[in-house]
Amino acid sequence: PTECFLSQPEEKQESTVKAKRRKKKKISDVLQNSAPKPGVPADLQNLLTQHFGENRSVIEIEELKLSDSCFLPANDLSHSFSSYLKEICPKWAKLRRNHKEKKSVVMLVLCSSALRSLELIKSMTAFKGDCKVLKLFAKHIKIKEQMSMLEKGVFHIGVGTPGRVKALVEQDGLCLNSTKYMILDWNWRDQKLRRMMDIPEV
C-alpha cells in the first residue's frame with residue numbers, strides 16, 4: 001500500500017511537467033504583465049555588454065562602457081515629448097542658430113518604426129521652433145533621396161529607425177560629428193508589446 005501511495009504523486013508530477021512544457025511563454029505575455037518604467041543608463045550598458053560580450057575581449061568591452069556624464073536624465077514618464085526635450089536641452093534656440101553643417105543633425109531621435117517616428121515628429125511641435133526636421137526611416141522614402149536632402153540642406157533634428165540611420169552612416173550620408181543629443185524611444189511598445197530594444201534586429 002505504501003508503494004502505491006508513493007507512485008500516485010509521482011505520476012501527477014510528470015503530468016504537470018508535460019503541461020508546463022506545452023505552454024511556452026511569449027515575450028508579449030511577459031511584457032503585458034510588466035509595467036512601463038523609465039529607462040536608466042544601466043539598461044543600455046547591460047544591453048551593450050550582452051550584445052558584444054561573446055565576441056569582444058575584456059578590454060574592448062571596457063572601452064564600450066559609457067560614463068554617467070554621457071547620459072541625460074531619463075524621462076520619468078510624467079513629461080510629454082516636447083516638455084522632456086525642453087528640460088534636457090534648455091539652450092536649443094542657440095544650438096539651432098549655430099548649426100550650419102550639412103549631412104548632419106544636432107539631435108537624433110531613434111524609435112522602432114516609421115509610424116512611431118511620425119508620431120514623435122508631430123508631438124515635438126512645441127519644442128522644435130523654426131528648425132528643420134528630417135524623417136530617417138525606410139517606409140516610402142528611398143535612401144538616395146535622404147542622402148541628397150542631407151547634402152543640399154541644413155537639418156537640425158533627425159527622427160528615424162535604427163536600420164535606416166545605420167545605413168546612412170555606413171554610406172557616408174549622415175555624419176555624427178556635430179550630433180549633440182541622441183534620444184532613444186526606450187519605453188514605447190508596439191502592437192506586440194515589444195519595446196525597440198526587444199526587437200532582435202535592433
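Note: hydrogens, waters and symmetry copies are ignored here, and every other heavy atom, side chains too, is used.
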Give, for atom NZ of K142 and atom CE of M147, the distance between the pair rounded to the nearest 0.5 Å.
14.5 Å
Above 12 or not: heavy atoms from other molecules or residues under 6.0 Å from NE2 of H79?
yes
Whether the side chain of T161 engages the backbone of S113 through a donor-acceptor N/O pair (distance < 3.5 Å, no angle test) should be reported.
no
Distance (rounded to the nearest 0.5 Å) between W92 CH2 and L85 CG
8.5 Å
Euclidean distance, L48 CG relative to H51 NE2, rounded to 0.5 Å
8.5 Å
Can you name the residues that form a side chain to side chain contact (heavy atoms under 4.5 Å, CB included) with R56, not counting sequence neighbours?
F52, E60, I61, L64
For residues 143-172, which residue pairs qualify under salt bridge (Lys or Arg N to Asp or Glu O under 4.0 Å), counting only residues two or more places apart or in two chains?
K166-E170
Closest non-hydrogen atom pair between V202 and M197, with its separation:
CG1-SD, 4.4 Å
Listing, residues 120-139 side-chain donor-acceptor contacts under 3.5 Å, not counting sequence neighbours, or none:
from, atom 1, to, atom 2, distance (Å)
S123, OG, E119, O, 3.4
S123, OG, L120, O, 3.0
T125, OG1, K122, O, 3.4

What are the two closest heavy atoms between G158 and V105, and how far apart are they?
N-CG1, 3.7 Å
When hydrophobic residues are tied together by side-chain contacts of less than 4.5 Å, even through go-betweens, does L174 share a cluster with V106?
no
Nearest-0.5 Å distance, CG of residue L110 to OG of residue S117
8.5 Å
Single-linkage hydrophobic cluster, 4.5 Å side-chain cutoff, L176 and I157 together:
no
Give me the atom names and distance for the closest heavy-atom approach of K102 to G153.
CG-O, 3.6 Å
If hydrophobic clusters are built by linking Ile, Leu, Val, Met, Phe, Trp and Tyr wherever their side-chain heavy atoms come under 4.5 Å apart, do V159 and V169 end up in the same one?
no
List, one per line, each side-chain donor-acceptor pair under 3.5 Å for residues 67-76, sequence neighbours excluded.
from, atom 1, to, atom 2, distance (Å)
S67, OG, S69, OG, 2.8
N75, OD1, L77, N, 3.0
D76, OD1, S78, N, 3.0
D76, OD1, S78, OG, 2.5
D76, OD2, S78, OG, 3.3

Shortest non-hydrogen pair, C89 vs L95, comes out as SG-CD1, 3.9 Å
Salt bridge (charged side-chain N to carboxylate O under 4.0 Å, His left out) partners of D43, counting only residues at least two apart:
none
If I take atom CZ from residue R194 and atom CD from residue Q191, how far apart are they, to the nearest 0.5 angstrom?
10.0 Å
Sequence neighbours excluded, every pair satisfying salt bridge (Lys or Arg N to Asp or Glu O under 4.0 Å) that has a member inside residues 82-101
none
Would M182 end up clustered with L44 when hydrophobic side chains under 4.5 Å apart are linked, directly or stepwise?
yes
Could you tell me which non-hydrogen atom of C175 sits nearest to which non-hydrogen atom of S104, and how far apart they are?
O-CB, 3.3 Å
Expected output: side-chain H156 to main-chain M107 donor-acceptor under 3.5 Å
no
Do you reckon F155 sits in the same ILVMFWY cluster as I183, going by side-chain contacts under 4.5 Å, direct or chained?
no
Interatomic spacing from CH2 in W188 to SG in C111 - rounded to 0.5 Å:
8.5 Å
